[in-house]
Amino acid sequence: MAASTNSIKNNGHAPIQNNTKKKRPTIKLTCVGSILLGMYALFLYAVLVTFEKHGVVNDETSVHSMVSFRWSGASKRLGGKNGESNDKIMNNNSPPQQQQQQQKQPQISKKTGDKVLFDVEEISTLLTGSMLKNISRYEIRIQRPPPVGSDNNQEEGLRDRRSISDVISTVLSAAQYGDRQYDDNAGDTQGQQSSNNHSNNNNNIEGGRKDDMPILTAYCESVNQTQWNTKPLPIRDTASSTHLFPIQYPHVQSCRALPSQWPIDTPTDLDPFLPWIHDVFPRPDGSAVVFVAQNRRRCFNGQRTVRANEALPEEVVSHKGYVHWEPGKNYFMRPQASLFQHVPVKKINADNDNGNDLDDGKEVEEPRYRLASHEEADQDGMETRFLCRFKKFHRDDENNPHLSIVGYSLSQFELDYDYHTYRKGYLRTHSEAGYDNHVIWTSQLLFQCPIPPEYRDWVAKGDSVEEDYATLYVDVIPIRTPPRYTPPREFFPPRYNFKAELEGLFIPDVEWGREHILPKIEDSGRWENIPVCMPSLMTHGIVPKGMDLELLALPNVKRTDKRRTVDVPMKEAGTKIHKIIACTWASATFKTRGNRAQVGDGKRRLKEWLEFNILAGFDHVYVYDNSGAFTNQDSLADIIDLFPPEKVTRIDWPCKICSNRDGNEGERSSQYAAESSCRLRFGSHAKWLGSFDTDEYLIPMGDFTSMGDVSEYLDRKGMYIAEFKSSPAKPRFDLLE
């Protein structure tokens, strides 16, 4: 009974004396410390809030400013007068009165009564398209980008704190100097040496674009999203050649280095209807030009909880108690969602004074289109989004350059994004508020522009490229309509034989009208002079230019068992010369998600991974080298040079991940684009393709001695997709020689 004496009540008697003192609970020092620290934090918070209400704490040090976003019209300049000689400043010759107006631009401060943590004026500037219309009001500094990895900013890839001026500066600086320091070879011997170090035998640049050849150019057009509420959709008042803002990219000058030279700090940040292109190449049969683009809006999807008594601006939409860190940028990028949705068009007869001469002297007339319903649309205009214009460069007998328009086409999607949404059971493909990064299939925008038939064989043989640059070009003109936020089934094309579940959610005649004629190409924002290079195997030296791939074709395997397959139309656009290939996106050094750690053993990982996969029977491995996103001093080229070029090919791929945040707020744009590029560039020449990280090993087991044997078994079984169990493993030293 002694064990129960602690529970006996002391009914006025003397306390029972036993071992109670030893069993009494004690409070540990760590608990006391935690309580004190918590009380101290609450006290500091109360003091800061009190000071902020009375204006004692300024805006930069307030507790709210640490979790708020402010996109001010005037950016903080780097350096002082001593550094201005090396930089170019736009608008430095403006009148003194205008300069004073720039310096006195009103700033929308944060309020702490009904707290407003966003800059309402800047959000309005973005949504009304005033950024480009009034670009002269900003002081833009064009300067050489700092060396990659020169700063240790832990927020790089997590938050985009650039002001409007900084965004414009980034785009224009990338156009003049290149996205990456080693892209610049104009008098920069260190940069040129770095460029050479980043190329293997297949990527060495010889020749390239001549000075009299067309330059890749982006024509940016203002986007006024406030007009989207008007029904029917009005004709754009910004559609005029005099209102466009052109940006040239002279650093794009090589077909073999096109993936590394393509501008990633693109004018999409100024004109969100321009696709955020990462790679472009022709199909092996020369039938079309393929584009691998990413959804730029997903880069600005970080979110936080709405604070107590926080008054959101009218334009800012919350979702389940959350709001974007950067709503201005996120909403500005809403046109990116439109690019994933098809739009029907119908060719019309319109007055056209924009004729062009072909090589044979005939005149080609620019086709004109209007927005239409599915019932009215042309067959090739039923599911499109871009107009495509093709041009050919040539020199006459006196070596004078000429550029002729040789044809037009309408773009085609690689897949139907709305149909994917419907099949996966999601209500909408895109949301107006932009909380949809979990809809992963809207990360990659994949489309193609059909090449005019008379030039397809010319492209397929590689004859469109002279001295490592193209003589055929394509212009991409987006059809600019607001995004649809209705359920996908409400506007399916007729081929699905679906009827709208709710009539009237989207009626083209109401939304667009019956007389919405698209502007002329010269008056429209667009990508222009995109080079149409050789097919990928020729571009990267895997097969010689002009080679007939049928000489290398593998025999077809008869499929005997289709119990686990579904009959679907398979589009074969390439000759199969490999049984099985592998793709990987790797880097000499990289940061883990959330920038938690810097990993520096990428070379060792890749070397071991390549050795294993070649021994395991992979016919060819394509390495997309992302080292240039983290450093200008190193790459994976020296590791890849250890392996025969007929087994391993390196693609210099220095574009950065735009958002390295965790979970559904992140967007690993560079990795996703690399995987699609590898699949579309090289997958058509292999029966099987696998995408792996360098810490993932696919091991043939049982009766299989190589992955080639596994692929043949899958062929005989009639399988098109194979899934394998993934689990951590340790080496069996008892089985190693």
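A pairwise comparison of heavy atoms in Ser627 and Ser587 identifies CA-OG, 3.3 Å as the closest pair. Summarising the geometry of Lys579 relative to Ser711, their closest heavy-atom pair is CB-OG, 4.0 Å, with the distance given to 0.1 Å. When every heavy atom of Gln261 is checked against every heavy atom of Ser254, the shortest pair comes out as OE1-N, 3.2 Å. Minimum heavy-atom separation, Met707 to Phe618: CG-CE1, 3.7 Å.
Applying the ring-ring contact (aromatic ring centres under 6.0 Å, His included) test to Tyr426 and every residue at least two apart in sequence or in another chain returns His438, Trp441. Every residue meeting the side chain to side chain donor-acceptor pair (under 3.5 Å) condition with His342, not counting sequence neighbours, appears here in chain and number order: His374. Residues that satisfy the side chain to side chain donor-acceptor pair (under 3.5 Å) test with Lys603, not counting sequence neighbours, are Asp634, Asp638. Residues passing the side chain to side chain contact (heavy atoms under 4.5 Å, CB included) test with Asp279, sequence neighbours excluded: Pro259, Phe281, Val292, Trp653, Ser677, Arg681. For His620, the side chain to side chain donor-acceptor pair (under 3.5 Å) partners are Thr649, not counting sequence neighbours. Partners of Thr217 under the side chain to side chain donor-acceptor pair (under 3.5 Å) rule, at least two apart in sequence or in another chain, do not exist in this structure. Looking at residues two or more places apart in sequence or on another chain, you find a ring-ring contact (aromatic ring centres under 6.0 Å, His included) between Tyr417 and Phe340. For Pro544, the side chain to side chain contact (heavy atoms under 4.5 Å, CB included) partners are Met547, not counting sequence neighbours. Phe291 is linked by a ring-ring contact (aromatic ring centres under 6.0 Å, His included) to Phe447, counting only residues two or more places apart in sequence or in another chain. Phe590 pairs by the ring-ring contact (aromatic ring centres under 6.0 Å, His included) definition with nothing, not counting sequence neighbours. In terms of the salt bridge (Lys or Arg N to Asp or Glu O under 4.0 Å) criterion, residue partners of Arg605 (sequence neighbours excluded) are, by chain and number, Asp601.
Residue pairs meeting the salt bridge (charged side-chain N to carboxylate O under 4.0 Å, His left out) criterion with at least one partner in residues 669-678, sequence neighbours excluded, are absent.
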Are Ile264 and His278 close enough, and set up right, to give a side-chain contact (heavy atoms from CB on, under 4.5 Å), and what steps lead you there? CA-CA 7 Å; Ile264 299 301; His278 281 58; 4.0 Å; yes
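Judged by the 6.0 Å distance and 45° axis criteria, Arg668 is not positioned over the aromatic ring of Tyr672.
If you take CG on Asn437 and CG on Asn295, they are separated by 8.0 Å, rounding to the nearest 0.5 Å.
Between Trp609 and the choices Asp695, Asp693, Val621, the side chain to side chain contact (heavy atoms under 4.5 Å, CB included) rule is met once, by Val621.
Gln598 and Thr589 share a side-chain donor-acceptor pair at under 3.5 Å.
Annotation: Tyr435 is not in aromatic contact with Tyr322 [ring centroid separation under 6.0 Å not met]. Here Trp527 and Trp276 keep their ring centres 6.0 angstrom or further from each other.
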